Structure formats: C-alpha cells, structure tokens
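Sequence lines set the chain letters: A, B, ... in the order given, protein chains first and strands last, and positions in each chain run from 1. Just so we're clear, the structure is a prediction, and the values are computed from it rather than from any experiment. Reckoned from all heavy atoms, side chains included, excluding hydrogens, waters and symmetry mates.
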2 protein chains.
Amino acid sequence: MKRDLDIHVAIIEDDETIREGYAFLIGNTDGYKVVGTYPSYEDAAKRIVKDNPDVILLDVELPGISGIDALPKLKKILPDTHILILTVYEQEMLIFRALGSGAAGYLTKNTPADKIVAAIHEVMEGGGPMSAHIARMVISSFKRNESTPLTRRETEILEQIATGKSRKRIAEELFIDLETVKSHIKNIYHKLNVHSKADAIKAAKDNKFI
Amino acid sequence: MKRDLDIHVAIIEDDETIREGYAFLIGNTDGYKVVGTYPSYEDAAKRIVKDNPDVILLDVELPGISGIDALPKLKKILPDTHILILTVYEQEMLIFRALGSGAAGYLTKNTPADKIVAAIHEVMEGGGPMSAHIARMVISSFKRNESTPLTRRETEILEQIATGKSRKRIAEELFIDLETVKSHIKNIYHKLNVHSKADAIKAAKDNKFI
DNA sequence: ATGCAAATCACCCGCGAAGGGGGAATATAT
DNA sequence: ATATATTCCCCCTTCGCGGGTGATTTGCAT
C-alpha cells in the first residue's frame, strides 16, 4: 500500500542488481515509497524533479558525472531533498567533499538493508547517519595533537596568525606589546623549523597543532 | 561470569542513580565488565589508572573539574583508553571541544541502554558513535555555503590567502601573474566589503564561503 | 631556595608585501 | 550580443615581515 505520507526515496546507482535490490527492499518496507531509480546522474536529471523524492540514495562511482560532482547539482535543483551517499570508498577526500557539498549522511555499501532503511528514517528526523568507520574518520578530523612543541601562548598566537591578522592587530587584541608577539613568532618559527607565516600555518595544520 | 576478554568499562558520573544504573546494565551484559565507577574526576584520578578501563563513559556536568576539562587529563594518563561523552547538552562548542580533545564518541543521555552498550562495542571496533542530532551538527559543520558571491577563482585564491601565502607565492603556484592575483583580491575585498586579509578570511569563514 | 620554562618587552636592520587607484584584453558562457 | 570571469598592466604609499641579540619577570616544580 503506497500512501502520500510515505517517505519518497530515489536511488541513483549504476549497478542494476544493487539498484533494484535496494528499490525492492525499501519499496516493500512500510512507510517508504520508491519514486525513482536511475542508473546515472544524467538520467536522474531528466525526471528527478517531478519524481520529487524526500531522500536520494546516491552512489559515488557513477558513469559520466560522478556522484560527488552530481551532489551539488542535485542540491541545486532539489534544495530540500536529503542526500545519502552510498559507496564502497572510504577515502577522506571523498567523504569531506561530499559532506561539504551538503550530503546528509555517508554509508558504506556493506551496510545491511535494515540499517539503510533506518538511515533514511534518521535523515528525515534530522539525524546524520554514518557508517562506523566513516564516523571515526570524521571525529578524528577534529582531534588535535596534544603533544605539541608549542606553548599555550604560542599556539594562541599561531591561531591568530592563521586568521590573517597582522602582528600589530594580534598584539592589540591580546593586550601585549608588538615586540612580544614578534618574539613569540620567532620562537614558533624556530620550533617548527620554518621561516614564514605560510609554512608555519601549514606545518601546524599538518600536525594538527591548530 | 567476568573474564579478562571482557571489555572493561569505567563510568564517571555524579548522579548516583544514573551511575549505578549504567553500571548495572553494562555489568550484566555478556562481554562487558565494569571496573570502576566514580562520582567525579577527582575521585577517578586516584584509582582509574590501576582500574585500567578500555572505555570510559564520561559525563560532562561533573562537580569540580568538568567532564570536558577532565577529558584531556584522562587521555594523558590513559592514552589508549577510549572515552565516550555522555551528556544532556547539545551545545556546538561543547561537542567540538570534546571531539577536539580526543573523545571517541558523543551520546546524549536519552540514548537507550542497549544503544549505549552498542556504542561501547562500536568504539572498540574503531567506530565513532554519535547520537543522531549530534551527527547532524557535526556534518553540517562541514557544509559550505553554496550561494557564494565569489567566483571559483576568487574562492580558490581566498583559500590560498587563508593559508598565509603571499600574493607572489599564490601567483607562482597558480601559474598566473602577480597582477592577476592582486586584481582578484581587489574584487574579493569589494564583494565582501572588507579592506584586509584578516577581515576577508573572517567574513568568508563566517559565511562558510571557504 | 633554586632553577627552569614561559611570557613579557626592547631596539636594530633591510626588503618585500599589502592595499588601493586606474584601465584593458581575452575567453566563456548563455 | 552581452554579461561575467579571468587575465594582465601601470601607478602610488604605507606598513608588515623575518631575523639578530638581548633583558626582565612570573610561576611552577624540585
């Protein structure tokens, strides 16, 4: 029984077996209705607006335009539709690009069918479903390196430098003398073994000191 | 039956009812052993190293030293122990501070008991369990504003500026003339209505253009 | 109490970078 | 065709940046 209260789901996935498998599973779950399945972004573009899904399951490895590149385009034509990435890839770059482009969640393809249905529900409730390993990568992207060679003040000043502020402005905002700031910066450069703002920022970011 | 193969769990939580409730639930789950329960960080500090838990459930609202401040201290004395934050608060600042200090996951207290046990297991398997709403906040922290007034090239150059690179260096790395970079920066400043690097970076970051 | 690290301030130098004004020639879409 | 993006060119002044060498004070730990 399909009703209008159902969550409308669309699937963009090139592998027919997987695509129809998901469609069958989701379509036969109470409360869900599959309004469209497409083998590529190009195919989806033609019909997805009038199919008007609430949630799109999007594969990243698609022929033609990749899922990652399709994501911002889909968000543009369907701004209120939630997009769930579904992929075998767990590369950091892909994950962060997808999330930056407005993906609502990121699942790996080994996710069991019931978990995918649960994820769709979670997305509709304002959640952000992620596979365990993905969540770990996302969390560790926040983690700072606690064994920094920099002192508290040095770290603080380096953070200010990273916002593009001049030494003078940093001095004013920290209520210390310009010479003090210069002194700290010199010490930072020595510790990080660099000779410029840009290199210090890069070194610090690479090592998660800031 | 408690064995050495069990996952050793410690609980730091000031509310005795909640603390003992969790301890009972986890302790009576096969495969888990509660090795310590403490009402505060100060109490935990005395015994937690020899109790040597695999996972700590950490409340944020503790008397004395808060859970957030306790987190880096705990990571220092037990570097290989996973810490799960358990709280009623869903403030962005708290969440990101906790994750930045090395929390392995972040659960809200309305999480059902079986989900908490599942989260502990997930942590041990290298996952990063989060409550749905938390995960959403974490994900949206990555999301860029797609309606930027800046062109692609301008965004690209502004990103380079935000890394502290000089205009000359940016020109070299993008294989364009210094004058072109200057031109782009002038346009960026006009569009963002600012008159300095620092203000441009701030404006762009506030609006998630970069 | 003594010692060390952290944080503060001082004055030197040379050079390049930053910010702002003007204009103009090519793409590249739509 | 027209707009926008991207590229390049010239002018100008001010100020910031990187580096050298030093001193002082504060606070924490042994």
Chemist: Please check this pair: side chain of Ser66(A) against backbone of Leu62(A), looking for a donor-acceptor N/O pair closer than 3.5 Å.
Modeler: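 Checking the backbone N and O of Leu62(A) against the side chain of Ser66(A), no donor-acceptor pair under 3.5 Å is found.
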
Chemist: Which pairs of donor and acceptor atoms, one on a side chain in residues 71-85 of chain B, lie under 3.5 Å apart (sequence neighbours left out)?
Modeler:
residue  : atom : partner  : partner atom : Å
Lys75(B) : NZ   : Thr81(B) : O            : 3.3
Thr81(B) : OG1  : Pro53(B) : O            : 3.0

Chemist: Roughly, in whole Å, what's the span from CD1 in Ile201(A) to C1' in dG18(D)?
Modeler: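 One finds 15 Å between C1' of dG18(D) and CD1 of Ile201(A), rounded.
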
Chemist: So with a 6.0 Å cut-off around NZ of Lys109(A), is the heavy-atom count from everything else above 12?
Modeler: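 Yes, NZ of Lys109(A) has more than 12 neighbouring heavy atoms, counting only those of other groups under 6.0 Å.
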
Chemist: Polar atoms only, N or O, under 3.5 Å: list the protein pairs with nucleotides 24-29 of chain D and their distances.
Modeler:
none

Chemist: Are any side-chain N or O atoms of Tyr189(B) and backbone N or O atoms of Lys197(B), one a donor and one an acceptor, separated by less than 3.5 Å?
Modeler: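 Present.
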
Chemist: Would the distance check show the side chain of Gln91(A) and the main-chain N or O of Met93(A) forming a donor-acceptor pair, the cut-off being under 3.5 Å?
Modeler: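 Looks like no, no N/O pair under 3.5 Å.
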
Chemist: Just checking Lys191(A): does its NZ atom have more than 12 heavy atoms from other residues, nucleotides or ligands closer to it than 6.0 angstrom?
Modeler: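 More than 12 heavy atoms, drawn from other residues, nucleotides or ligands, come within 6.0 Å of this atom.
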
Chemist: Do the ring planes of Phe142(B) and Phe142(A) sit parallel (below 30°), tilted (30 to 60°) or perpendicular (above 60°)?
Modeler: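 Correct class here is perpendicular.
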
Chemist: Hey, does the side chain of Asn207(A) reach the backbone of Phe209(A) with a donor-acceptor pair shorter than 3.5 angstrom?
Modeler: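 No; zero donor-acceptor contacts below 3.5 Å.
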
Chemist: Please list, in numerical order, the residues of residues 165-193 of chain B that have a heavy atom closer than 4.0 Å to any atom of DNA chain D.
Modeler: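 Hits under 4.0 Å, by residue number: Ile176(B), Asp177(B), Glu179(B), Thr180(B), Lys182(B), Ser183(B), His184(B).
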
Chemist: Main chain of Thr151(B), side chain of Glu154(B): is a donor-acceptor contact present, judged purely on distance under 3.5 Å?
Modeler: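 Yes: the side chain of Glu154(B) pairs with the backbone of Thr151(B).
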
Chemist: Take Arg153(B) and Lys197(B), find for each the nucleotide of DNA chain D with the closest heavy atom, and name the residue whose nucleotide sits nearer the 5' end.
Modeler: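 Here Arg153(B) is the residue nearer the 5' end.
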
Chemist: Roughly what angle, to 10°, lies between the helix axis at the start of the helix from dA1(C)-dT30(D) to dA29(C)-dT2(D) and the one at its end, five pairs per end?
Modeler: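 Axis angle across the helix from dA1(C)-dT30(D) to dA29(C)-dT2(D), nearest 10°: 70°.
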
Chemist: Mind checking which nucleotides bracket the chain A contacts on DNA chain C, 5' to 3', with an atom under 4.0 Å from a heavy atom?
Modeler: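 From 5' to 3', the first and last contacting nucleotides are dA6(C) to dC12(C).
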
Chemist: Using modelled atom types and a 3.5 Å cut-off, is there a donor and acceptor pairing between side-chain atoms of Ser101(B) and backbone atoms of Arg97(B)?
Modeler: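 Yes; at least one donor-acceptor contact below 3.5 Å.
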
Chemist: With Glu159(A), which of Arg152(A), Arg144(A), Lys165(A) fulfils salt bridge (Lys or Arg N to Asp or Glu O under 4.0 Å)?
Modeler: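 Exactly one option meets the salt bridge (Lys or Arg N to Asp or Glu O under 4.0 Å) with Glu159(A), and it is Arg144(A).
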
Chemist: Mind checking side-chain hydrogen bond (donor to acceptor under 3.5 Å, both in side chains) for Ser131(A) and listing every partner two or more places apart, or none if nothing turns up?
Modeler: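 So Ser131(A) forms a side-chain hydrogen bond (donor to acceptor under 3.5 Å, both in side chains) with Thr108(A).
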
Chemist: Between Asp6(A) (side chain only) and His8(A) (backbone N and O only), is there a donor and an acceptor less than 3.5 Å apart?
Modeler: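 Pair absent, no side-chain N/O of Asp6(A) close to backbone of His8(A).
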
